[in-house]
Amino acid sequence: MAQLVPVEPFDLIIFGGTGDLAMRKLLPALYHRDCDGQLTPDSRIIAASRGALSRDEYLAVVETSLRSNLTEGDFDDAHWASFRKRLHYAQADAFSHDDWNELVELLNGHDDCVRVAYLATAPSLFGSIANGLKTNRLISDSSRIVLEKPLGRDLDSAREINNAVGECFREDQIYRIDHYLGKETVQNLLALRFGNSLFEPLWRRSAIDHVQFTVAEDLGVGGRVEFYDGVGALRDMVQNHLLQLVCLFAMEPPSSLDQNAVRDEKIKVLRSLKPISAEDARANTVRGQYGEGAINGSTVSGFSEELSNKSSTTETFVALKLEIENWRWSGVPFYLRTGKRLKAKHSEIVVQFQDVPHSIFPEQEFNVSPNLLRIRLQPDEGVQLSVMAKEPGPGGFDLRPVSLDLSFAETFGIRYPDAYERLLMEVLRGNPALFMRRDEVEAAWEWIDGIIEGWQVSKQKVESYVPGTWGPAASAMMLDRDGRAWHEDD
Ligand code: BG6
């Protein structure tokens with residue numbers, strides 16, 4: 001494992017510090033980094049929230065939540081006894097900036113350490129919290145602010161948030177999180193592309209037939225149903241996670257890992273996305289919503305039942321065909337799909353290479369399948385390359401695809417850190433390379449807004465699908481029309 005260097009002493013203020021994200025992701029991530037000795041003894045984590053809680057009450061909430069959110073065996077009483085010393089609580093309402101005394105007092109006299117404000121709240125509060133930090137004089141030249149997604153619901157609202165936060169923080173102090181960029185396998189995409197000379201000559205239209213991106217979840221929307229209704233899979237997953245994957249996959253080689261070198265290449269991809277018009281939307285996008293059904297033997301409610309039987313046109317599944325208009329990718333379709341209550345929690349990128357130009361195996365001509373490179377993002381992270389091989393036997397030439405299969409878990413044999421562990425450390429170190437720059441977020445929204453407009457103009461229907469499947473039939477038909485099919489193992 002790479003050597004872990006402790007980060008400089010810090011005060012990390014988590015707004016929304018008692019919320020779901022803080023409990024499920026941020027505190028477990030910080031606990032793990034603390035166990036590995038990356039947090040200096042004087043570094044503090046300060047939860048800020050509207051409720052009136054004493055420090056002891058807050059510690060009790062965190063202890064219960066860590067016990068249930070950490071993987072079994074990871075909670076250690078002795079370690080908790082030292083981790084809890086870092087935790088503090090301050091009551092702070094996002095809109096009443098005069099009442100931030102508890103926070104101001106806690107931070108008083110701690111101006112020398114790195115100060116990070118993490119906004120794990122609704123985006124509608126981002127501008128006001130940034131302003132509260134400014135009016136209470138809690139921002140210095142070295143302070144940073146982290147913004148959780150969703151950053152708005154369209155280009156206009158994203159701009160509004162960016163402008164409001166930009167009035168208080170410089171762009172280089174703003175860290176916009178897309179947690180997919182903190183995932184080990186997503187970073188491995190960079191290692192695969194730029195740590196090997198093998199792939200680059202093939203990474204283009206002359207060798208690749210098409211690329212498939214699948215980010216599937218078996219869980220439904222669950223407790224977030226009220227939030228999710230009116231948002232949908234396109235805004236929740238495609239605008240950020242899937243487009244970031246497309247960027248890392250399709251960008252030109254950056255000259256270094258420097259924050260702007262990578263982000264400058266990503267933005268070029270976003271700006272080369274062919275807009276999807278209302279006419280294209282009908283042929284090249286599919287919207288779905290899960291109905292009632294069963295997954296792994298358990299009955300599950302449909303999306304509208306979860307919404308107390310309210311009818312809704314929000315999509316819980318989306319599939320689309322995207323084109324990148326540049327020399328490298330012109331004419332290569334990128335098929336994207338993501339959804340809830342699908343067959344399994346399964347994310348991967350599949351690259352289908354072109355057919356051999358001429359088969360020398362005439363009687364077997366239908367048996368020569370194109371090579372596939374599968375980059376498995378989760379679970380069972382790894383890379384698999386399928387190649388044609390001859391089946392052993394004294395007669396004939398029976399070919400079949402076989403796999404060169406690399407499983408990262410087997411190869412490296414260590415626990416994969418959660419994306420938030422990596423991203424929090426990057427913020428504390430002051431390295432924004434794995435975060436989205438303002439222009440990226442806005443370019444992604446611009447493209448997504450076009451699709452939403454297309455859906456409205458073409459009155460695109462939301463098709464119901466059965467839980468535990470790969471989504472509505474129209475998704476398979478979209479590829480079928482192009483003479484292709486989703487690569488699914490069964
Ligand atoms: C979040 C979305 O950004 O990503 C959720 O808002 C989704 O709807 C989640 O479930 C998926 O993340 P992961 O890391 O479980 O693939």
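Just follow the structure's listing: the first ligand is 1, and inside any ligand the first atom is 1. When reading the values below, keep in mind they use all heavy atoms of this one structure, side chains included, and skip hydrogens, waters and symmetry mates. Keep in mind it's a predicted model, so treat the numbers as computed, not measured.
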For Lys183, the ligand 1 atoms with a heavy-atom partner under 4.0 Å come out as 13 (P), 14 (O), 16 (O)
Measuring centre to centre across the rings, with the benzene-like ring taken for any Trp, is Phe317 within less than 6.0 Å of Tyr465? yes
For His241, counting its heavy atoms only, list the atoms of ligand 1 lying under 4.0 Å from any of them. 1 (C), 3 (O), 4 (O)
Between Tyr180 and ligand 1, find which residue part has any heavy-atom pair under 4.0 Å and reply side chain, backbone, both or neither. side chain
Heavy-atom nearest neighbour of atom 6 (O) of ligand 1 within options Asp236, Val221, Leu21, Asp178: Asp236
The one among Lys345, Arg235, His346 that brings a heavy atom closest to atom 13 (P) of ligand 1: Lys345
Step by step, would you call Asn162 with Glu442 a side-chain hydrogen bond (donor to acceptor under 3.5 Å, both in side chains)? CA-CA 9 Å; Asn162 282 330; Glu442 294 183 1; 2.9 Å; yes
May I ask you to check whether His79 and Tyr31 place their ring centers less than 6.0 Å from one another? yes
I'd like to check the side-chain hydrogen bond (donor to acceptor under 3.5 Å, both in side chains) partners of Gln384; sequence neighbours left out, ordered by chain and number. Asp405
With heavy atoms of His179 as the reference, note each atom of ligand 1 found under 4.0 Å away. 1 (C), 3 (O), 4 (O), 12 (O), 13 (P), 14 (O)
Trp80 and Glu63, any side-chain heavy atoms less than 4.5 Å apart: yes
Sub-4.5 Å side-chain heavy-atom contact between Leu21 and Glu148: yes
Just jot down the ligand 1 atoms closer than 4.0 angstrom to any heavy atom of Lys340, in number order. 5 (C), 7 (C), 8 (O), 10 (O)
Subset of ligand 1 atoms that lie under 4.0 Å from at least one heavy atom of Lys149: 1 (C), 2 (C), 3 (O), 6 (O)
Is the shortest side-chain N to carboxylate O distance from Lys266 to Glu440 below 4.0 Å? yes
For atom 11 (C) of ligand 1, grab the closest protein heavy atom and report residue, atom and distance to one decimal in Å. Glu217 OE1, 3.8 Å
